[in-house]
Student: 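Dropping the structure in here first, questions after.
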Amino acid sequence: MRRLLFIDRDGTLIKEPPTEEIRSMQDIEFVPGSIRCLSFLRRHTDFEFALVSNQDGLGSEAYPESLFRPLHDFVMKTFADQGVMFDAQYIDCHSPADNHPNRKPGTGMLTDYLEGAKAGTVDLAGSFVIGDRETDAQLARNLGCRAVILANPAVTSTDPANSFSARPGVADDVVSYVSSWDEAAEIIYGGRRIGEVTRTTKETDIYVRLDLDGTGKCDISTGLGFFDHMLEQIGKHSSSDLTVKVKGDLNVDEHHTIEDTALALGEAIRKALGDKRGIGRYGFCLPMDDCLCQVALDFGGRPWLVFDAEFHREKIGEMPTEMFLHFFKSLSDAALMNLNIKAEGQNEHHKIEGIFKALARSVKMAKARDIENFQLPSTKGAL
């Protein structure tokens, strides 16, 4: 079936000036990475490219076709010269007040694709909208496809709802907010990496959702304040979106809550990594005041833990220090990763927080993908 990239123009291919109108050659500045990344996607995928752009009042006296066309043709020719050919172009001239179904996020211009989806010839679920505004995200929802929204702080808008500062971050499984064209190309080519796990026993009820391609947003509640704080370090410092919701038998003690959370989080990591193609695989040491913490890892598929850290307090917050080793052992086992952890220092809080932060930074290094070398990082051919 046909898959499409529905690509916005202003703010996505070319930078949008404060006036929101491209009226001269001097106004044309290409968004960094747009030509290179679209060229890569054109060469390495089977997506068709469709330009979808709102051009308010195009054809009117204030914005004549004779002004728009030469500038637009120059932009299209520049992309074509680099191998980026657009299979179709859809440009709507209506203003927002017109409420016309052709204007994004309306789908009036794209009914052929909707009909193709019904006929089984177009794979909208496997298609993407690439844009820089919430209207582009809504277009994706209206079409039934996914969206990659470029967060470009240089883009300004008279509509506050379309400003970067108004965006909520990664909202759901439909929309990915990225900071560059490189990130956009990575998600479109390699897929978004999400692991979702529900684990329910007589002792705990746990939900974990991990998005390795997120921005560091965390929503964590385990019933143990210090444990929440440590898990937040993993999400924040690995630039992964992490949700952890736990109801455990804390009336017994903390053991089951910590152990089962580690198992669920490890499983979520394993699921999110998928086939592991293109990842760095290995990953960090960092100082935190008086402490030096090192966490080396390998997403190689073989669990192993070396834990060289001593604690001289029974608890930090509500978390027994004897559970730190148990947490990392369970995490390593469930994620099928090799962990080598070492820490030295005097302050127990700093020591364990440094370990969690070093783990997160190690995950960030090891999860990084290279779509130009999208192969398994192993001579065995399997991980």
Side-chain angles (χ1 to χ4, degrees), residues 197-210 218-238 240 242-270 284-297 303-363:
V197 173
T198 299
R199 177 187 172 89
T200 303
T201 70
K202 292 182 179 180
E203 298 165 340
T204 57
D205 186 5
I206 298 174
Y207 171 76
V208 174
R209 184 181 187 277
L210 174 70
C218 296
D219 183 8
I220 297 170
S221 177
T222 67
L224 299 170
F226 184 76
F227 192 32
D228 292 353
H229 183 46
M230 293 301 99
L231 293 174
E232 187 177 11
Q233 306 307 314
I234 296 177
K236 178 66 175 179
H237 292 285
S238 70
S240 303
L242 178 61
T243 298
V244 180
K245 299 293 183 182
V246 183
K247 293 181 180 178
D249 56 354
L250 295 177
N251 58 306
V252 177
D253 70 4
E254 307 85 357
H255 187 105
H256 299 141
T257 290
I258 295 169
E259 177 184 31
D260 290 3
T261 298
L263 291 170
L265 177 58
E267 185 179 351
I269 291 172
R270 190 175 74 245
F284 196 85
C285 77
L286 59 80
M288 186 167 184
D289 295 340
D290 59 299
C291 301
L292 180 64
C293 303
Q294 172 184 292
V295 177
L297 70 78
W304 194 271
L305 174 68
V306 173
F307 190 82
D308 184 5
E310 293 184 0
F311 299 92
H312 305 290
R313 285 169 53 182
E314 180 182 354
K315 287 187 175 183
I316 301 179
E318 312 96 324
M319 193 169 177
T321 54
E322 69 177 8
M323 289 303 298
F324 294 146
L325 184 150
H326 202 60
F327 171 86
F328 290 111
K329 177 66 167 62
S330 299
L331 183 71
S332 170
D333 288 347
L336 300 181
M337 65 178 172
N338 185 175
L339 275 178
N340 189 299
I341 298 172
K342 295 182 180 180
E344 58 185 44
Q346 301 301 315
N347 187 288
E348 307 290 66
H349 183 124
H350 291 163
K351 196 185 301 180
I352 191 59
E353 184 170 346
I355 289 174
F356 272 86
K357 285 180 176 177
L359 170 66
R361 298 297 292 190
S362 196
V363 169

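All values reported here derive from a predicted model rather than from experimental measurement. When reading the values below, keep in mind they use all heavy atoms of this one structure, side chains included, and skip hydrogens, waters and symmetry mates. Nothing fancy with the numbering, it's 1 onward along the sequence.
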Student: Does the separation of the ring centres of Phe327 and Phe227 fall below 6.0 angstrom?
Tutor: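 Here the rings of Phe227 and Phe327 have centres that are less than 6.0 Å from each other.
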Student: Can you tell me how far apart CD1 (Ile352) and CE (Met230) are? Round to the nearest 0.5 Å.
Tutor: 7.5 Å
Student: Run Val246 and Asp205 through side chain to side chain contact (heavy atoms under 4.5 Å, CB included) and show every step you take.
Tutor: CA-CA 6 Å; Val246 183; Asp205 186 5; over 6 Å; no
Student: Please enumerate all residues that pass salt bridge (Lys or Arg N to Asp or Glu O under 4.0 Å) together with Arg199, with sequence neighbours excluded.
Tutor: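 Only Asp260 meet the salt bridge (Lys or Arg N to Asp or Glu O under 4.0 Å) criterion with Arg199.
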Student: Compare every heavy atom of Ile355 with every heavy atom of Ala309, then report the nearest pair and how far apart it is.
Tutor: CB-CD1, 4.2 Å
Student: Could you pull out all residues at least two apart from Ser238 that satisfy side-chain hydrogen bond (donor to acceptor under 3.5 Å, both in side chains)?
Tutor: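 If we apply the side-chain hydrogen bond (donor to acceptor under 3.5 Å, both in side chains) test to Ser238, skipping adjacent residues, the hits are Ser240.
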Student: Could you pull out all residues at least two apart from Thr261 that satisfy side-chain hydrogen bond (donor to acceptor under 3.5 Å, both in side chains)?
Tutor: none
Student: Please find the pair of heavy atoms, one from Ile258 and one from Pro320, that lie closest to each other, and give the distance.
Tutor: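 Heavy atoms of Ile258 and Pro320 come nearest at CD1-CD, 4.2 Å.
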Student: With a 4.0 Å cut-off, would you call Lys245 and Asp219 a salt bridge?
Tutor: yes
Student: Name the atoms and distances for all side-chain donor-acceptor pairs under 3.5 Å in residues 334-345, with sequence neighbours left out.
Tutor:
{"from": "Asn338", "atom 1": "ND2", "to": "Trp304", "atom 2": "O", "distance (Å)": "3.3"}

Student: Strictly by salt bridge (charged side-chain N to carboxylate O under 4.0 Å, His left out), give each pair with a member in residues 304-329 just once, sequence neighbours left out.
Tutor: Glu254-Lys315, Lys329-Asp333
Student: Name the residue from Thr198, Thr243, Val244 that meets the side chain to side chain contact (heavy atoms under 4.5 Å, CB included) definition with Val208.
Tutor: Val244
Student: Rounded at 0.5 Å granularity, tell me how far CD1 in Ile316 sits from CG in Leu224.
Tutor: 13.0 Å
Student: Show, in sequence, the C-alpha distance, side-chain angles and deciding distance for Leu265 and Val197, and conclude whether the side chain to side chain contact (heavy atoms under 4.5 Å, CB included) test is met.
Tutor: CA-CA 8 Å; Leu265 177 58; Val197 173; over 6 Å; no
Student: Taking the side chain from Asn347 and the backbone from His349, do they hold a donor-acceptor pair closer than 3.5 Å?
Tutor: yes
Student: Looking at CG of Leu263 and CD1 of Ile206, how far apart are the two atoms once the value is rounded to the nearest 0.5 Å?
Tutor: 8.0 Å
Student: Can any side-chain N or O of Thr201 pair as donor or acceptor with the backbone N or O of Glu203 at less than 3.5 Å?
Tutor: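 Side chain of Thr201 to backbone of Glu203, a donor-acceptor pair under 3.5 Å: yes, one is there.
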Student: Mind checking what makes side-chain hydrogen bond (donor to acceptor under 3.5 Å, both in side chains) contact with His350, not counting sequence neighbours?
Tutor: Asp289, Asp290
Student: Under the side chain to side chain contact (heavy atoms under 4.5 Å, CB included) rule, what do Phe284 and Val295 come out as? Steps first, then yes or no, please.
Tutor: CA-CA 5 Å; Phe284 196 85; Val295 177; 5.8 Å; no
Student: Step through it carefully: locate the ring centre of His237, locate the ring centre of Phe356, and say whether they are under 6.0 Å apart.
Tutor: no
Student: To the nearest 0.5 Å, tell me how far Leu250 CG sits from His255 NE2.
Tutor: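 Rounded to the nearest 0.5 Å, the CG-NE2 separation comes out at 13.0 Å.
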Student: Nearest 0.5 Å, what's the OG1-NZ distance between Thr321 and Lys351?
Tutor: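 With rounding to 0.5 Å, OG1 (Thr321) is 9.5 Å from NZ (Lys351).
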Student: Within this structure, what is the CG-SG distance for the pair Leu286 and Cys293, rounded to the nearest 0.5 Å?
Tutor: 6.0 Å
